[in-house]
Peer 1: 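This is the structure, below, for whatever I ask next.
Along the sequence shown, residues are numbered consecutively beginning with 1.
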Amino acid sequence: MEPYRCKYFQPLKGGVVECQLCPHHCHIADGRTGICRSRRNHAGVLVSEAYGHPCALAVDPIEKKPLYHFHPGTTCLSIACTGCNFRCQNCQNHDISQASPSQVASYNLSPEDVVALCVKHHCPGIAYTYTEPLTYLEYVTDTARLARERGLWNILVTAGYVCPQPLADLLPFLDAANVDLKSFSDDIYRRVSGGRLAPVLDTILAMHDAGVWVELTNLVIPGVNDDMAMIRQMCRWMACNGLAAAPLHFSRFFPRYKMRDLPPTPLKTLETARRTALDEGIRHVYLGNV
């Protein structure tokens, strides 16, 4: 399969291109990739080396995404390509998220092939997950469009770092999403993940406004984002923006990747976070990895 010409980029002087998929707006020289490692400048044209090359396939219970209020008890075909536009120091899938497509074995699967696999394994929907599906958004959108035509659900598991127009192109085909809201601090986003908070909040609201079923996950890391005042502020933002009924998953941290020197999250911390969320009017609060 030939490299796929990306839809979201602008040619600049000197053969450089600006990727317009996510808020990084990477300026990419010929032969180089952006932060995500999968979108490459090929002679002045931005191409996706991940398109059609998933590195992971599995049939998962939908609760694993996690989605607890969207068709519980069903399964989904989970699919992932390499790459991510964040650099989270605690990433549990860093072997595929922090790698380029050339570094990881993959399948050759067109969007039609993915939909056929979903039907073959009797899954009612497809989950784009494990890495950051927004970095191969064109592949997700093309697959999701075909899946919708076959009556299948489309589920996005994402950190939500994307520009408004690419997201708007995908939203008509999305049924549900779990967004990893990493903290409610722009400083923590910059230090731990290499991004910003505001675009993620914009993504959550755009999904909600479009009628996508949204659940949120907040991984609570000791000494990093476990401040209860910040968690309370996050829950107030949810409640004030029509998300009081959106399930909120507080997930337990375990040492991973570049954060192996931190302890697992104490259960007491998660229980306090849950009480805080309930006090602020969040109706469905769950603890994960416990």
Side-chain angles (χ1 to χ4, degrees), residues 22-24 35-37 64-66 68 83-99 129-132 134-135 157-161 177-204 214-241 243-244 246-282 284-290:
C22 89
H24 289 307
I35 288 174
C36 66
R37 297 188 175 94
K64 187 179 177 181
K65 297 302 99 190
Y68 282 9
C84 184
N85 52 0
F86 276 166
R87 290 287 183 267
C88 299
Q89 297 176 26
N90 58 289
C91 184
Q92 64 177 1
N93 289 328
H94 59 88
D95 54 332
I96 55 176
S97 72
Q98 303 300 309
T129 180
Y130 301 146
T131 56
E132 179 45 75
L134 293 174
T135 62
V157 183
T158 177
Y161 209 59
N178 185 292
V179 181
D180 186 4
L181 183 52
K182 298 178 182 297
S183 76
F184 211 70
S185 161
D186 192 68
D187 177 64
I188 294 173
Y189 258 90
R190 291 176 186 273
R191 288 190 290 106
V192 176
S193 301
R196 295 181 287 120
L197 171 62
V200 178
L201 300 182
D202 290 342
T203 293
I204 294 168
V214 176
E215 302 194 19
L216 303 180
T217 294
N218 179 229
L219 178 71
V220 183
I221 306 174
V224 176
N225 66 343
D226 58 349
D227 176 70
M228 288 303 146
M230 182 176 65
I231 288 175
R232 186 176 298 277
Q233 184 183 12
M234 177 183 74
C235 296
R236 286 179 178 172
W237 176 86
M238 290 176 61
C240 290
N241 285 278
L243 293 163
L248 174 60
H249 304 259
F250 287 114
S251 190
R252 192 183 189 195
F253 165 85
F254 287 96
R256 291 289 188 275
Y257 194 33
K258 297 180 180 180
M259 283 191 172
R260 296 183 181 275
D261 56 335
L262 296 180
T265 314
L267 295 181
K268 183 178 180 180
T269 301
L270 293 177
E271 291 164 356
T272 302
R274 183 175 186 273
R275 287 196 300 271
T276 299
L278 292 172
D279 287 346
E280 292 300 328
I282 307 305
H284 310 288
V285 188
Y286 302 98
L287 304 184
N289 289 346
V290 296

Peer 1: Could you check Phe184 against Met230 for side chain to side chain contact (heavy atoms under 4.5 Å, CB included), going step by step and ending with a plain yes or no?
Peer 2: CA-CA 6 Å; Phe184 211 70; Met230 182 176 65; 3.8 Å; yes
Peer 1: Looking at side-chain heavy atoms only, is the closest gap between Leu262 and Val224 below 4.5 Å?
Peer 2: yes
Peer 1: Kindly write out the residues that satisfy ring-ring contact (aromatic ring centres under 6.0 Å, His included) with Phe253, not counting sequence neighbours, or none if the list is empty.
Peer 2: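 ring-ring contact (aromatic ring centres under 6.0 Å, His included) list for Phe253, sorted by chain: empty.
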Peer 1: One pair to check against side chain to side chain contact (heavy atoms under 4.5 Å, CB included): Val192 and Met259. What are the steps and the verdict?
Peer 2: CA-CA 10 Å; Val192 176; Met259 283 191 172; 3.8 Å; yes
Peer 1: Are Val200 and Thr203 packed together at the side-chain level, in the sense that at least one heavy-atom pair is separated by less than 4.5 angstrom?
Peer 2: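 Val200 does not reach Thr203 side chain to side chain.
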Peer 1: Is any side-chain heavy atom of Cys84 less than 4.5 Å from a side-chain heavy atom of Gln98?
Peer 2: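 Cys84 vs Gln98: side chains touch.
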Peer 1: Would a line drawn from the ring center of Phe86 to the ring center of Tyr161 be shorter than 6.0 Å?
Peer 2: yes
Peer 1: Is a salt bridge present between Arg191 and Asp187, judged by a nitrogen-to-oxygen distance below 4.0 Å?
Peer 2: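 Salt bridge: yes.
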Peer 1: So, Glu132 and Thr158: side-chain donor and acceptor under 3.5 Å apart, yes or no?
Peer 2: yes
Peer 1: Got Met234 and Leu181 here, is their nearest side-chain heavy-atom distance under 4.5 Å?
Peer 2: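 Answer yes - side chains close enough.
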Peer 1: Between Asp226 and Thr269, does any side-chain donor sit less than 3.5 Å from a side-chain acceptor?
Peer 2: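 Asp226 vs Thr269: no donor-acceptor pair found between side chains.
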Peer 1: Under the criterion side chain to side chain contact (heavy atoms under 4.5 Å, CB included), I'd like the reasoning laid out for Asn90 against Tyr257: C-alpha separation, chi angles, the key distance, then a yes or no.
Peer 2: CA-CA 5 Å; Asn90 58 289; Tyr257 194 33; 5.9 Å; no
Peer 1: Verify side chain to side chain contact (heavy atoms under 4.5 Å, CB included) between Phe250 and Tyr286, making sure each step is shown before the conclusion.
Peer 2: CA-CA 6 Å; Phe250 287 114; Tyr286 302 98; over 6 Å; no
Peer 1: If we ignore angles and hydrogens, is there a donor and acceptor under 3.5 Å between the side chains of Asp180 and Thr217?
Peer 2: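 Absent: no donor and acceptor within the cut-off.
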